[in-house]
Asks: 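This structure is in structure tokens; I'll ask about it shortly.
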Amino acid sequence: MYGNFFTGKTVWLTGASSGIGKALAVELSRAGAVLITTSRNAQQLEAMRAMLPFPEKCHIFPADLGDEQQVKAVAEEVKSRHSVDILFLNAGISQRSLAKDTPVDVDRKLMEVNFFSSVILSKSLLPDMLEKKSGHFAVISSVTGHIGAPFRSGYAASKHAIHGFFESLWAENANAGIDISIISPGYIHTNISVNALTADGTPQNSMDENTGKGMSPEEMAQKVLKGISKKKKEIYVGGKEILGIYLKRFIPALYYRIIRNYKKP
Ligand SMILES: NC(=O)c1ccc[n+]([C@@H]2O[C@H](COP(=O)([O-])OP(=O)(O)OC[C@H]3O[C@@H](n4cnc5c(N)ncnc54)[C@H](OP(=O)(O)O)[C@@H]3O)[C@@H](O)[C@H]2O)c1
């Protein structure tokens, strides 16, 4: 399905313990990639590894990507042992709270995990990739990386920031063998809404109706890896909600009219 694009490539995948990341890990393993996996929960990473077609080709480097020191330390550790071909930045955390109720500490946490960890890891790997004259940054954004929406102010900001940073990084290094793929999923059936932060910084602990009806992470993983293997710079994946991206781009007045009355979290 992906030719031999991933065969023998070393892919560092963050957020591999759950949802989209777990499905990507299974599919990447099947496609012959060597995996380096990171998230906070080492036990869940072990459980993920046990599901892989080639568990012996999966290495586990746990870290809290919301903690700058841990992000820098894990980057050094991985670099000392592996030469990464594809950095797949998938780890992330969502939000379910109104901006007026949300302390800035919660916004900062969303930015640290979703944005700054991606900046630190990519800056850490870029010099080696430039030396090899090849490297690919695959980054999970969201439909909310293109449009604002209620209950998502800090989350939407962190995902919008991904586009600005990685498009600029690519423009600076495109002629030096660096590729990017920015992936914007709509609703995917994972625990993203269960783990989403509320105004007091604790998880929502319940599944949103839209997320529960979303595309399976397995189907999404296949579509995304197909896009990456074709070196697509932007990949939109999900149901009709991804039309929101086009609505904002081509009929902005209609987007603004709809979104002000959008009540569902
Ligand atoms: N599902 C959707 O509808 C949807 C839509 C658009 C975008 N996305 C994006 O897709 C990505 C994957 O989310 P998902 O849907 O698979 O949700 P998920 O099931 O909640 O998985 C999130 C992953 O991120 C990891 N993570 C969270 N905080 C972390 C931290 N501080 N340090 C290290 N790892 C951390 C989690 O692992 P640990 O808990 O073990 O740390 C887990 O592996 C996210 O970037 C999300 O924003 C999802």
Side-chain angles (χ1 to χ4, degrees), residues 12-26 35-49 60-71 73-75 88-96 106 108-118 120-121 138-147 149 152 154-163 166 182-197 201 203-221 223-224 235-239 241-242 244-245 264-265:
W12 185 2
L13 173 64
T14 67
S17 60
S18 169
I20 292 169
K22 190 154 70 173
L24 283 167
V26 171
L35 282 169
I36 295 160
T37 57
T38 296
S39 79
R40 288 166 299 182
N41 192 322
Q43 275 185 336
Q44 280 186 26
L45 288 173
E46 291 288 358
M48 173 278 299
R49 176 158 64 181
I60 292 176
F61 289 83
D64 181 347
L65 298 177
D67 176 334
E68 185 175 336
Q69 296 318 313
Q70 288 194 38
V71 183
V74 77
F88 206 134
L89 297 161
N90 162 72
I93 195 152
S94 192
Q95 173 192 18
R96 296 294 181 270
V106 173
R108 274 192 211 284
K109 176 150 193 205
L110 291 160
M111 288 301 285
E112 289 294 344
V113 177
N114 296 352
F115 178 64
F116 281 112
S117 72
S118 300
I120 297 167
L121 294 183
V139 195
I140 302 273
S141 171
S142 169
V143 168
T144 327
H146 302 258
I147 65 171
R152 305 279 200 285
Y155 179 70
S158 71
K159 295 297 190 180
H160 274 68
I162 289 284
H163 292 259
F166 283 97
I182 304 181
I183 300 120
S184 300
Y187 295 117
I188 311 296
H189 189 164
T190 70
N191 277 338
I192 191 80
S193 60
V194 175
N195 296 327
L197 301 183
Q204 171 174 252
N205 276 326
S206 65
M207 175 74 73
D208 288 350
E209 196 186 334
N210 282 331
T211 308
K213 289 181 187 158
M215 178 183 279
S216 77
E218 292 76 20
E219 182 182 353
M220 183 230 177
K223 289 191 153 91
V224 166
I235 300 168
Y236 306 157
V237 58
E241 64 281 1
I242 63 172
I245 299 171
K264 274 193 180 171

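Atoms within a ligand are numbered from 1 in the order they appear, just like the ligands themselves. Just so you know, these numbers use all the heavy atoms, side chains as well, and skip hydrogens, waters and symmetry mates.
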Asks: Which of the numbered atoms in ligand 1 are below 4.0 angstrom from a heavy atom of Gly19?
Replies: 16 (O), 19 (O)

Asks: Using a strict 4.0 Å cut-off to heavy atoms of Leu65, name the atoms of ligand 1 that fall inside it.
Replies: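 Within the 4.0 Å cut-off of Leu65, ligand 1 contributes 30 (C), 31 (N), 32 (N), 33 (C).
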
Asks: Give a yes or no answer on whether the side chain of Ser193 reaches the backbone of Asp208 with a donor-acceptor pair at less than 3.5 Å.
Replies: yes

Asks: Show which atoms of ligand 1 fall inside a sub-4.0 Å distance from at least one heavy-atom site of Tyr187.
Replies: 3 (O)

Asks: Looking at ligand 1, is there an atom of it that comes within less than 4.0 Å of some heavy atom belonging to Ser184?
Replies: no

Asks: Heavy-atom distances under 4.0 Å are what count here, so tell me which part of Asn90 touches ligand 1: side chain, backbone, both or neither.
Replies: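 Both the backbone and the side chain of Asn90 come within reach of ligand 1.
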
Asks: Tell me, which protein residue and heavy-atom name are nearest atom 8 (N) of ligand 1, and how many Å apart are they?
Replies: Tyr155 OH, 3.7 Å

Asks: What are the atoms of ligand 1, with element, lying closer than 4.0 Å to any heavy atom of Asp64?
Replies: 30 (C), 31 (N), 32 (N)

Asks: In a check of side chain to side chain contact (heavy atoms under 4.5 Å, CB included) between Ile93 and each of Leu65, Ile192, Leu110, which one passes?
Replies: Leu110

Asks: Is there a heavy atom of His189 sitting under 4.0 angstrom from any atom of ligand 1?
Replies: no

Asks: Check this for me: does any side-chain nitrogen of one of Glu112 and Arg108 sit under 4.0 Å from a carboxylate oxygen of the other?
Replies: no

Asks: Please confirm whether Pro217 comes under 4.0 Å of ligand 1, counting heavy atoms of the residue only.
Replies: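 No; Pro217 lies far enough from ligand 1 that no heavy-atom distance drops under 4.0 Å.
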
Asks: Between Ser117 and ligand 1, which residue portion shows a heavy-atom distance shorter than 4.0 Å: side chain, backbone, both, or neither?
Replies: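 The answer is neither.
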
Asks: Distance under 4.0 Å to a non-hydrogen atom of Asn195: what atoms of ligand 1 satisfy this?
Replies: 20 (O)

Asks: Could you list which atoms of ligand 1 come closer than 4.0 Å to a heavy atom of Gly66?
Replies: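 Selected atoms, number and element: 31 (N).
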
Asks: Quick one: does any side-chain atom of Thr14 pair with a main-chain N or O of Ala91 as donor and acceptor, under 3.5 Å?
Replies: yes

Asks: May I ask you to list the atoms of ligand 1 that are less than 4.0 angstrom from any heavy atom of Asn41?
Replies: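 With Asn41 as reference, the close atoms of ligand 1 come out as 40 (O).
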
Asks: List the closest protein heavy-atom neighbour of atom 39 (O) of ligand 1: residue, atom name, distance to the nearest 0.1 Å.
Replies: Arg40 NH2, 3.0 Å

Asks: Ignoring angles and geometry beyond distance, decide whether Ile93 reaches within less than 3.5 Å of ligand 1 through its nitrogen or oxygen atoms.
Replies: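 No: no nitrogen or oxygen of Ile93 is under 3.5 Å from one in ligand 1.
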
Asks: Starting from atom 37 (O) of ligand 1, which protein heavy atom do you reach first, and at what distance in Å?
Replies: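 For atom 37 (O) of ligand 1, the nearest protein heavy atom is Ser17 OG, 2.9 Å.
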
Asks: Does some non-hydrogen atom of Gly238 fall short of 4.0 Å from ligand 1?
Replies: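 Gly238: no contact with ligand 1 (<4.0 Å).
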
Asks: Tell me the protein heavy atom at minimum distance from atom 13 (O) of ligand 1, and give that distance in Å.
Replies: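 Checking every protein heavy atom, the shortest distance to atom 13 (O) of ligand 1 gives Ile192 CD1, 3.7 Å.
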
Asks: Check each atom of ligand 1 against the heavy atoms of Ile140 and keep those under 4.0 Å away; list them by number with element.
Replies: 9 (C), 10 (O), 11 (C)

